[in-house]
Number of protein chains: 2
Amino acid sequence: MGRRIRQADIALKLGISQATVSVVLSGRAGRDIAISPELRDLVLFTARDMGYHADPVARSLAGGRNRLLGVFTFEPVFPVGQRDFFHPFLLGIEQEAEAQRYDLVLFTSATDGAGRRSIYGSGTNRLRLADGGLLLGLAPDREELARLVREQFPFVFIGRRDVHGAGLSYVAADYVGATASLVGELIALGHENICLVTGTADLEPTVDRKTGFVRAHDLAGRTVRPASVWEVEPAGIGPAELLSRRDQGVTAYAVEGAADGELVGAFLAAAAQADLAVPDDVSLVVLGDVDEDGVAQRCTRFAVQREEMGRRAVRLLIDKLEAEDPSEVSRVTVPCVAIPGDTVGVRRDPRPTATPPRARPAVRPPRPRPGPTDQPAKRPSS
Amino acid sequence: MGRRIRQADIALKLGISQATVSVVLSGRAGRDIAISPELRDLVLFTARDMGYHADPVARSLAGGRNRLLGVFTFEPVFPVGQRDFFHPFLLGIEQEAEAQRYDLVLFTSATDGAGRRSIYGSGTNRLRLADGGLLLGLAPDREELARLVREQFPFVFIGRRDVHGAGLSYVAADYVGATASLVGELIALGHENICLVTGTADLEPTVDRKTGFVRAHDLAGRTVRPASVWEVEPAGIGPAELLSRRDQGVTAYAVEGAADGELVGAFLAAAAQADLAVPDDVSLVVLGDVDEDGVAQRCTRFAVQREEMGRRAVRLLIDKLEAEDPSEVSRVTVPCVAIPGDTVGVRRDPRPTATPPRARPAVRPPRPRPGPTDQPAKRPSS
DNA sequence: CCTCGCAACTCATGCGCATTAGTAACCGGA
DNA sequence: TCCGGTTACTAATGCGCATGAGTTGCGAGG
């Protein structure tokens, strides 16, 4: 009594071999391997009768599948706290997993010292407990990703991430296309001198925005001057900088947006201080997502379809698991959706510096937030 | 190329046996089994050098440990919506797990048809992927729990749950003591006819409140009349019922409280309609927890220390894992904390029915909620 | 009557690790 | 010289399952 029941127990009871039990229980009976329907049913019945439940560990080790997808986040999400940036991804993942009748396994790890989470942290790759993995989070150790690929572990990264020399499968938002589209709109409205404001990190999302920025100009037969790209920390955006750019002819800005809208907040604050009205004096498009109650509510912008990305990632992973060659690289790009706002207008030449300030209300940061300098570290944009 | 590295690979490279590698890597070298320090260091170095990482699956199958605790919730937690009832438990669990340098694995399962989640749902007990399990949630299939016990899987349930014939380990809130204490307060204030209002379900938390109610009376040398226990659905609490009880001499109520305060809300609404002021006409204690912005803000009540319970559960489980006999039953009771309110007063005899309504403000439900009839299904009280 | 072919199963092996019962080598004491 | 006792390591086995290569029995075709 007390021990759990194995296939061997069933086999013994029926006087057949463990292999037969395995074949029947894994549903290969009749199709792949011939088993008489009577025996098949008998085994099935006996298994149920004896209360058999497969051991997922043994199944994994023997190369079988458990219909289990591992989810690993490089950012803290466990236990899934308040709705944060990653929450919609998880929602989408769960939806699709449930639809596909896969179960999920969410991993936590004690952050390894400096608050970073690592897959291999504790000496073992726990992801292997699942059939495949879904990874997300901002700045994972790329070496870990590369190693996962090398070890042929089937996984999909959510968010574009290129790892040198490793064919990484991912689901990414189309930042390039969305940026090109918004910037194209500005160009169509007559803006000739547009400034791209991005963070200073060299992550893919930022690179993508630059690429889209250039593409929009290419399409319009323009060229981008180096001065048009402003890589800056939020604290570096002040009224003086904006006025100086105004004097150099800048009539529109495309500002990188992330979950917290740091850059956007800083920009709006600076514009208000410089008494530059949006969109009358400068037009503004925000390249990316914004928190629901965030700073850039009224901005013309685009949103990342996070739930959809989660769903697509699950499908991609399952396809991979069911493919002959799970090491094949697969990538999906999910379009962003445009969100209309009221921060874009036709180009209007700058007023001379001397003109007295008008009272026409500009878009301002909703609440007087703490200065940009107080802001915490960067937030993800996927 | 590309294959992951096994102990055998290290052994081969060093010209030693896999067993030696295993012994060294599991830290038994020198202590349990003699290995020369030089070889030990060499193995350690080579393992790191070759990028060895243990396979948790193989380790489990061979009976080893992975420092992994499984968490399974019978209610939907993944992804957790807004901060819900179970969130604090998870927080506590995570804290303690991190402190003990254990990792967590959170399982989701596609709800099996009727929205119920089940451990054995998908034909395999996925919990086995971890070294042990923490289970929580309202109304699990008791048979599943019993089976887990039978199969000697080490786990701890959070919340008291007795399963017939199975020695279940759990961490529970002391509903009995907390109830006895609050009701004892009422008695001390002169109340002689106190009514216990509970839900109709026969779950342990409800039973515990009844027990505590009786105990308080015992301690005071009183006996509880059957009429003093009112098992009722929220919809069944109306002004007429309260007035009738008032006429029978009831001067105080002890109402079972759960996360959503359904019963409490219904009671307060009915009291307001019946023009019974709290605490002037009737005293009220709430037996249990209340949502932060819930209905019973000002009520005299007690709270369950959910985070603490989570922490204790982790410790209990780890103890169990490290014990010789993991099948030993272990139980912990965590006291509740009293929360003062303004709904309790000394006994005052009821006014005659004919007295005109006064304007003295009673405690009322903060917002005019939808009638109790519209409320969704019951919510957990652990 | 002797194959051939197919249906119905079984044998044997391995997944990567932990563990128990060894064995071989060496050393000191009598 | 022989022996008991260490020290340092290895052989072998099993965990529970999946899987590919058999093996057996039997009816049909030549």
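Quick note on labels: first sequence line is chain A, next is B, and so on, each numbered from 1.
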Once you round it to whole Å, what is the distance between [atom2] of [N] and [atom1] of [X]?
{"X": "B/Asp131", "N": "C/dA18", "atom1": "CG", "atom2": "C1'", "result": "14 Å"}
{"X": "B/Tyr52", "N": "C/dA18", "atom1": "OH", "atom2": "C1'", "result": "11 Å"}
{"X": "A/Arg40", "N": "C/dA8", "atom1": "CZ", "atom2": "P", "result": "13 Å"}
{"X": "A/Asp32", "N": "C/dC9", "atom1": "CG", "atom2": "P", "result": "15 Å"}
{"X": "A/Gln18", "N": "C/dC11", "atom1": "CD", "atom2": "P", "result": "11 Å"}
{"X": "B/Ile33", "N": "C/dT20", "atom1": "CD1", "atom2": "P", "result": "8 Å"}
{"X": "A/Gln7", "N": "C/dA12", "atom1": "CD", "atom2": "P", "result": "18 Å"}

Practice task
Report, as yes or no, whether the 6.0 Å neighbourhood of atom CD on A/Glu328 holds more than 12 heavy atoms from other residues, nucleotides or ligands.
Solution key: no
Side chains of [Y] and [X]: any donor to acceptor distance under 3.5 Å?
{"X": "A/Ser118", "Y": "A/Glu144", "value": "yes"}
{"X": "A/Lys320", "Y": "A/Ser169", "value": "yes"}
{"X": "B/Asp319", "Y": "B/Ser330", "value": "no"}

Nucleotide N/O to protein N/O under 3.5 Å, stretch nucleotides 3-5 of chain C:
none

Handout entry: N/O (side chain, B/Ser22) to phosphate O (OP1/OP2, C/dA18) under 4.0 Å
Key = yes
Problem - Donor-acceptor under 3.5 Å (B/Arg40 side chain, B/Leu25 main chain) - result: no
Exercise for the section: May I ask you to say whether B/Arg4 pairs ionically with B/Asp55, meaning some side-chain N is under 4.0 Å from a carboxylate O? Expected result: yes
Problem - Short N-O contact, A/Glu151 and A/Arg128, less than 4.0 angstrom - result: yes
Practice task
Enumerate the residues from residues 54-62 of chain A whose closest heavy atom to DNA chain C is under 4.0 Å, giving them by residue number; use none for an empty result.
Solution key: A/Leu61, A/Ala62
Exercise for the section: Taking the six-membered ring of A/Tyr102 (Phe, Tyr or Trp), confirm whether the NZ or CZ of A/Arg67 is under 6.0 Å from its centre and within 45° of its axis. Expected result: yes
Practice task
Using the six-membered ring of B/Tyr52, assess whether NZ or CZ of B/Arg6 lies under 6.0 Å from its centre and within 45 degrees of the ring axis.
Solution key: no
Practice task
Check every nucleotide of DNA chain D for an atom under 4.0 Å from a heavy-atom of chain A, then give the first and the last such nucleotide from 5' to 3'.
Solution key: D/dG16 to D/dT19
Practice task
Pick base, sugar-phosphate or nothing for B/Ser36, based on heavy-atom distances below 4.0 Å to the nucleic acid.
Solution key: sugar-phosphate
Handout entry: Identified side-chain contact (heavy atoms from CB on, under 4.5 Å) counterpart of B/Val24 within the set B/Ile33, B/Ile16, B/Ile35
Key = B/Ile35
Problem - B/Phe72/B/Phe74 aromatic ring centres below 6.0 Å - result: yes
